*Asks:* 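This structure is in structure tokens; I'll ask about it shortly.
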Amino acid sequence: MGVDDLPMASRLANKWVLITGASSGFGAAAALRFAREGCHLLLGARRVDRLAQVAADAMKEGAGTAAVEALDVSKTSSVTSFAAWVRSRTAALDVLINNAGGALGLDTVAEGKDEDWETMFQTNVLGVLRMSREMIPLLAKAEGSVLLNVGSIAGRVAYEGGAAYCGAKAAELQITRALRLELCGTGIRVGTLDPGMAETEFSIVRFKGDAERANKVYAGVNPLTAEDVADAMVWMASRPPHVCIDEMIIKATDQAAIHKVHRRPLR
Ligand code: NDP
Ligand code: 8X3
């Protein structure tokens, strides 16, 4: 039996999986989902207390190991020291999930704030570049490794108030495509997973703690959950080594397009 014939769970068992932004939302759900496949987890984010809880839960779900380290992808020095920590734990990396990111504000360009724009580009764009640069040598040492970036439908279709976020996620899409070309022949698979609206802390962060405004985004809708997205990540990462899922768009059934969302009347 070759590796291509193994069932999905066997293909991921004991693999080393690094997830950025694992303290909440997609990243935390992915940690638990990969844990159920028996993976070794390396988890990074700024909120280490939250990461530690995710790691403890992941161990209960069946992770081989689950280790956490502070990571701020918006700072080169943090990414460099995080990468050294990763190298101290493993010589090869099977799966890198560049998930850390998000949006800040929903201002038009005319009303936009430098600090919001800078944060969005630092995390969603430069964070992906920095982490990829550091981890490509480790990915190259693992057969059938996967570099998976988390984009968004916002990187494919623009919306009012989304100029910087849509621009950042469009950059992520083109970075993914460039990496796919650059790494052809290395055996490293490169893909992007581009979700539509999913109920996580995304909108709370975007609206800077305004929970009422954040809740309105999902009012009357049955949105994606973090677990739905984590499932898709596991599926993408568990294809046979000769199969690369380049780009996947995942949206709630209620969201036909970025502006076309079915909402039920609220009771
Ligand atoms: P959450 O806000 O729940 O999670 C975001 C994660 O990113 C947190 O773990 C956060 O951790 C981490 N993060 C943010 N900034 C940094 C940073 N500078 N360094 C390290 N980690 C950071 O939102 P989601 O789970 O929804 O978002 C995950 C990804 O999915 C993002 O890239 C987002 O743009 C994208 N996305 C989200 C969609 C949605 O509708 N929810 C749809 C499409 C894409 P901490 O604050 O502890 O550092
Ligand atoms: C998050 C999805 O449509 O709110 O990336 O930008 S959207």
Side-chain angles (χ1 to χ4, degrees), residues 18-31 43-55 68-79 81-82 97-106 116 118-128 130-131 148-173 175-176 192-209 213-214 216-218 221 223-230 232-233 248-252 254-261:
L18 192 172
I19 305 168
T20 70
S23 59
S24 68
F26 301 164
L43 309 176
R46 293 165 301 177
R47 290 171 294 175
V48 181
D49 52 335
R50 293 273 296 260
L51 279 181
Q53 186 57 55
V54 172
V68 309
E69 180 75 357
L71 169 67
D72 183 345
V73 297
S74 73
K75 295 189 169 61
T76 300
S77 58
S78 174
V79 173
S81 55
F82 183 83
I97 302 185
N98 280 318
N99 164 73
L104 272 183
L106 193 58
D116 290 348
E118 283 163 12
T119 300
M120 284 187 271
F121 277 84
Q122 279 291 349
T123 54
N124 296 290
V125 182
L126 297 180
V128 171
R130 291 183 183 110
M131 282 301 304
L148 175 55
N149 294 329
V150 178
S152 169
I153 58 169
R156 296 171 180 267
V157 182
Y159 56 85
E160 305 92 323
Y165 182 65
C166 295
K169 288 303 193 188
E172 175 278 334
L173 179 58
I175 289 165
T176 305
T192 182
L193 175 58
D194 297 353
M197 59 155 56
E199 194 161 6
T200 61
E201 294 178 19
F202 175 86
S203 292
I204 293 267
V205 172
R206 163 169 257 176
F207 299 126
K208 302 172 183 175
R213 196 173 172 199
K216 281 191 187 145
V217 173
Y218 312 105
V221 182
L224 293 175
T225 64
E227 289 71 26
D228 297 326
V229 175
M233 289 176 180
M248 185 197 280
I249 297 172
I250 176 171
K251 298 200 268 83
D254 279 347
Q255 186 175 34
I258 215 152
H259 282 105
K260 172 81 179 169
V261 177

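Each ligand, and each atom within it, is numbered from 1 in the order the structure gives. A quick note: this is a predicted structure, and the numbers were derived from the prediction, not measured.
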*Asks:* Below 4.5 Å, heavy atoms only, C-beta onward: do Met131 and Leu18 meet side chain to side chain?
*Replies:*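 Side chain of Met131 against side chain of Leu18, heavy atoms only: contact under 4.5 Å found.
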
*Asks:* Check whether any side-chain heavy atom of Asp116 sits under 4.5 Å from a side-chain heavy atom of Lys208, and report yes or no.
*Replies:*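 In contact.
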
*Asks:* Do Glu69 and Leu71 have side chains that approach each other closer than 4.5 Å (heavy atoms only, starting at C-beta)?
*Replies:*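 Counting from C-beta outward, Glu69 and Leu71 never come under 4.5 Å.
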
*Asks:* Report yes or no: does Lys251 contribute a side-chain atom to a donor-acceptor pair with the main-chain N or O of Met197 at less than 3.5 Å?
*Replies:*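 Not at all, since once roles are kept as given, no pair shorter than 3.5 Å links the two residues.
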
*Asks:* Got the residues with a heavy atom under 4.0 Å of ligand 1, by chain and number?
*Replies:*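 Residues within 4.0 Å of ligand 1: Gly21, Ala22, Ser23, Ser24, Gly25, Phe26, Ala45, Arg46, Arg47, Leu71, Asp72, Val73, Ser74, Asn99, Ala100, Gly101, Gly102, Thr123, Asn124, Val150, Gly151, Ser152, Tyr165, Lys169, Pro195, Gly196, Met197, Ala198, Thr200, Glu201, Phe202, Val205.
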
*Asks:* Do Glu199 and Thr225 have side chains that get closer than 4.5 Å, going by heavy atoms?
*Replies:*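 Answer no - side chains too far apart.
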
*Asks:* Show every salt bridge (charged side-chain N to carboxylate O under 4.0 Å, His left out) that has at least one partner inside residues 148-162, sequence neighbours left out.
*Replies:*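 Only Arg156-Asp194, Arg156-Glu247 qualify under salt bridge (charged side-chain N to carboxylate O under 4.0 Å, His left out).
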
*Asks:* Taking side-chain hydrogen bond (donor to acceptor under 3.5 Å, both in side chains) as the definition, give me every residue that meets it alongside Arg206, ordered by chain and number, with sequence neighbours left out.
*Replies:*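 Checked Arg206 against side-chain hydrogen bond (donor to acceptor under 3.5 Å, both in side chains); matches are Tyr159.
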
*Asks:* Do Arg130 and Val73 touch side chain to side chain, with heavy atoms closer than 4.5 Å?
*Replies:*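 Counting from C-beta outward, Arg130 and Val73 never come under 4.5 Å.
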
*Asks:* Enumerate, one pair per line, all nitrogen or oxygen atoms of ligand 2 lying under 3.5 Å from a protein nitrogen or oxygen, stating the separation to 0.1 Å; write 'none' if no such pair exists.
*Replies:*
| residue | atom | partner | partner atom | Å |
| --- | --- | --- | --- | --- |
| ligand 2 | 5 (O) | Ser152 | OG | 2.5 |
| ligand 2 | 5 (O) | Tyr165 | OH | 2.7 |
| ligand 2 | 6 (O) | Tyr159 | OH | 2.6 |

*Asks:* Which one of Leu148, Asn149, Val150 satisfies the side-chain contact (heavy atoms from CB on, under 4.5 Å) criterion with Asn98?
*Replies:*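 When Leu148, Asn149, Val150 are each tested with Asn98, the side-chain contact (heavy atoms from CB on, under 4.5 Å) holds only for Asn149.
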
